[in-house]
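Values below: all heavy atoms of this structure, side chains included; hydrogens, waters and symmetry mates excluded. Just so it is clear: chains get the letters A, B, ... in the order the sequence lines come, proteins before strands, and each one is counted from 1. If you're wondering where the values come from, they're calculated on a predicted model, not measured in any experiment.
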Number of protein chains: 2
Amino acid sequence: MTERDGTLDGVHRRNLSKLLGLVHLDGPLSRARLTTLTGLNRSTVAALAGELVDLGLVVERAPDPTNRVGRPSPVIAADPRVLALAVNPEVDAVTIAAVALDGSVARRERVEVDHLLAPDEVAALVAATLERWRSSHLQSSRFLAVGLAVPGLVRASDGMVRLAPHLGWADAPIRTLVEQATQLPVTVGNDASLGAVAEHLFGAGRDVDDLVYLNGGASGIGGGIVLGGRLVGGAGGYAGEFGQNRPGIALTADRRADGGVLEDEVSRARLLEVAGLTTADEPTLAAALADSIRPGVAQELARQRRILATALANAVNALNPSLVVLGGFLATVADSDLAALEAEVAEQAMPAAFEQLAIRTAALGEDRLMIGAAEAAFSSLLADPLAGLPIGPVHEQR
Amino acid sequence: MTERDGTLDGVHRRNLSKLLGLVHLDGPLSRARLTTLTGLNRSTVAALAGELVDLGLVVERAPDPTNRVGRPSPVIAADPRVLALAVNPEVDAVTIAAVALDGSVARRERVEVDHLLAPDEVAALVAATLERWRSSHLQSSRFLAVGLAVPGLVRASDGMVRLAPHLGWADAPIRTLVEQATQLPVTVGNDASLGAVAEHLFGAGRDVDDLVYLNGGASGIGGGIVLGGRLVGGAGGYAGEFGQNRPGIALTADRRADGGVLEDEVSRARLLEVAGLTTADEPTLAAALADSIRPGVAQELARQRRILATALANAVNALNPSLVVLGGFLATVADSDLAALEAEVAEQAMPAAFEQLAIRTAALGEDRLMIGAAEAAFSSLLADPLAGLPIGPVHEQR
DNA sequence: TCACATTTGGGGTCAAGGGCAACATATTCG
DNA sequence: CGAATATGTTGCCCTTGACCCCAAATGTGA
């Protein structure tokens, strides 16, 4: 792959990749539009598109009725029958989805579990689901890859889950297990990192190349960093674990936890407590907090917001992103008084860095992790459409 | 540039760039070695090398006498007559150097100044020095570009210095000024960011693709981040300002400054104070601290080390680098008890992230900023050797 | 209403340019 | 002199791009 870079078909592969990436991210595009976007010759685009059609990756359909002068241009779209299987194992359930190359979620299933699943149990469940879906109404489709979003530390090099405390996994070779069970290429990523990718490509961070994503979950705070349009992994792929950071806490009265770790100070559990709840999903918690007249609710929200602001300012100073995306209960904390949060960040961040900064809450809903995991699964295909196609060109029968 | 990407000569340009980059970074290489490193065909490498020779960017010399079997292979080396002018304006002096494409510093001059220079004064000084050097013994060389390392916030898009408090600059269009004065393309960067680049390419961070660099100077703490082998700029190019961060301070007794900003807590001024000095250069301060039996010296070093450890752990959790490089007085603080610093970082960083981490002090001396600035100045040439050559191909006369 | 101009874009052919394979040759060591 | 390593040269292949012609839509005037 890295060897074939300076050669002729390197160009060809890159062009195929560029075309496929465009229709994947921007949706259906006319061939004429593709020529202008790629800067390539019409003939070249036509040839490339034809090749992608032969590979079964895109479909070419009749021109959209446009009320303009001139010959209509055929529309190229990602083939919705090209699927990735996205998997998110969690404490109480495993969510599995079939995500198409056009970004749509073709099917989605949440399998509740009564005990913590071991890695091999997850692999078996994934394989069984895959088999079931293949033989049901997704027959005309083909699954090219599997992507897992795991709540824990994932080593990028080999897809090993180093530590996933809530799942009870340590050094779990989940990639190998799922690969053996499904006979498909598997990618594994940290859930928050994949959420960051999803928000970057399809959510609040569209058209933004430098963003920090922070997600507040039941078990802590995870994050992902996109800089220059690329997910930042770091040396081992563990980057983005802001939850373990120790931000400065200006008011000693604001301290709760001993170590001063962000996810101990800013936590869903503390919000549930002041709301007088024991368990709730995110909208319920948000509503309860908004409506509550209980003493301490506003104070606790403000306290967590102050600490969050310092953590965000630290990240902004270090990374100078143009966007911070907050998800999960952090969105709830932010929404409780967005102006105050922004003011507190502005106070602690460098002015030059803050002036380009926007703070938004996550735009994607529950599909976020599925889309992020599928994106990771598709990434090698998108980078080089000719490599790694398991079954080779698809010859249409007519 | 972005348009010519998928085309034929895009390959050619990339291959030229790859070859030039290799001899630039790794020093002289035999043509045979280049073929294996690039993965290209021998014929191709020969043609490319010849082209670079014609462009006056590399020289091809007789094979090194190697005592091995086989035909000797000609050696390709970056042409030492290709120069960039590196400039570092500081409070008390302006340092200017001629840095060659092979990494050597051909000439270096420190111009002491008796008042803070305004941006246009710096531009005039640079132009005058350039003229002087051109007409003296650097006649056979040619200056291709100018790189400035500025102690302040530099907007990447247009080389505007947004704020350089110690120079007294605000919104100074230094790039335009120097470009007009010298008639050369100019790049401007933050001094610490360029130091990070230099350490990454030629110093303690060779062969390391993910590093965080922190430099302790008289006026504060600056930093630079290299991830995936690339300098991280962020949206505006201001990334790396760790000095403005607020790390958690575990012991309330350790707090000194009100805001809790890193560079107020961990500062050279406080070290000078406990050492009983008013002013000193870095080696003097380090020696004084090491020899001192004054009360409080060890305590202050330990205090600063504890806070620095938290700041480093925060960076490690967020970015998962494989190396942290400490320069300036931070190297002094670290060297006072490196094992303790490592232990304190280990305690506060995620184990998975810490296990791949090394903490080192900067390897490059005073030339660091010159090399970093020159690297930035050369970057466009290295990225595309055919573009931006001001005077076109050099035709050798024989 | 119908022919015709205008505009936009597809199809096909051929040329150009860059990299590669193959064959022949050169240089050093044992 | 043979083995090993590496260069030089020539012809070929492959991909892109330019060119010419045609196709499909809209608008217009007799």
If you count heavy atoms of other groups shown closer than 6.0 angstrom to CZ of A/R33, is the number above 12? no
Interatomic distance, [X] [atom1] vs [N] [atom2] [rounded to whole Å]:
X	N	atom1	atom2	answer
B/R33	D/dT7	CZ	C1'	18 Å
B/D64	C/dT27	CG	C1'	15 Å
B/I76	D/dT7	CD1	C1'	12 Å
B/R42	D/dT10	CZ	P	17 Å
B/L34	D/dT5	CG	C1'	16 Å
A/H12	D/dG17	NE2	P	12 Å
B/N41	D/dC12	CG	C1'	13 Å
A/N15	D/dC14	CG	P	17 Å

How does each nucleotide of nucleotides 24-30 of chain D score, in 5' to 3' order, for protein heavy atoms under 4.0 Å: base (B), sugar-phosphate only (S), or none (-)? BBS----
Determine the contact category for B/S73: base if any of its heavy atoms lies under 4.0 Å from a base atom, sugar-phosphate if only primed atoms, P, OP1 or OP2 are that close, otherwise nothing. sugar-phosphate
Describe the nucleic acid contact of B/P74 in one word from base, sugar-phosphate, nothing, applying a heavy-atom distance below 4.0 Å.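 Sugar-phosphate, no base atom in range.
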Is there a donor-acceptor contact under 3.5 Å from the side chain of [X] to the main chain of [Y]?
X	Y	value
A/D210	A/L227	no
B/D79	B/V59	no
A/H200	A/L211	no
B/R368	B/L364	yes
B/T38	B/L34	yes

Of all the nucleotides listed (C/dG11, D/dG17, C/dG9), which has the minimum atom distance to the side chain of A/A32? C/dG9
From C/dG11, C/dA21, D/dG17, pick the nucleotide closest to the side chain of A/L40? D/dG17
Could you check whether any side-chain heavy atom of B/V82 comes within less than 4.5 Å of a side-chain heavy atom of B/R142, counting everything from C-beta outward? yes
Given the structure, check if the side chain of A/S43 and the base of C/dG12 hold any donor-acceptor pair shorter than 3.5 Å.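 Yes.
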Tell me if the side-chain of B/T35 makes a donor-acceptor pair with the base of D/dA6, cut-off 3.5 Å, by modelled atom types. no
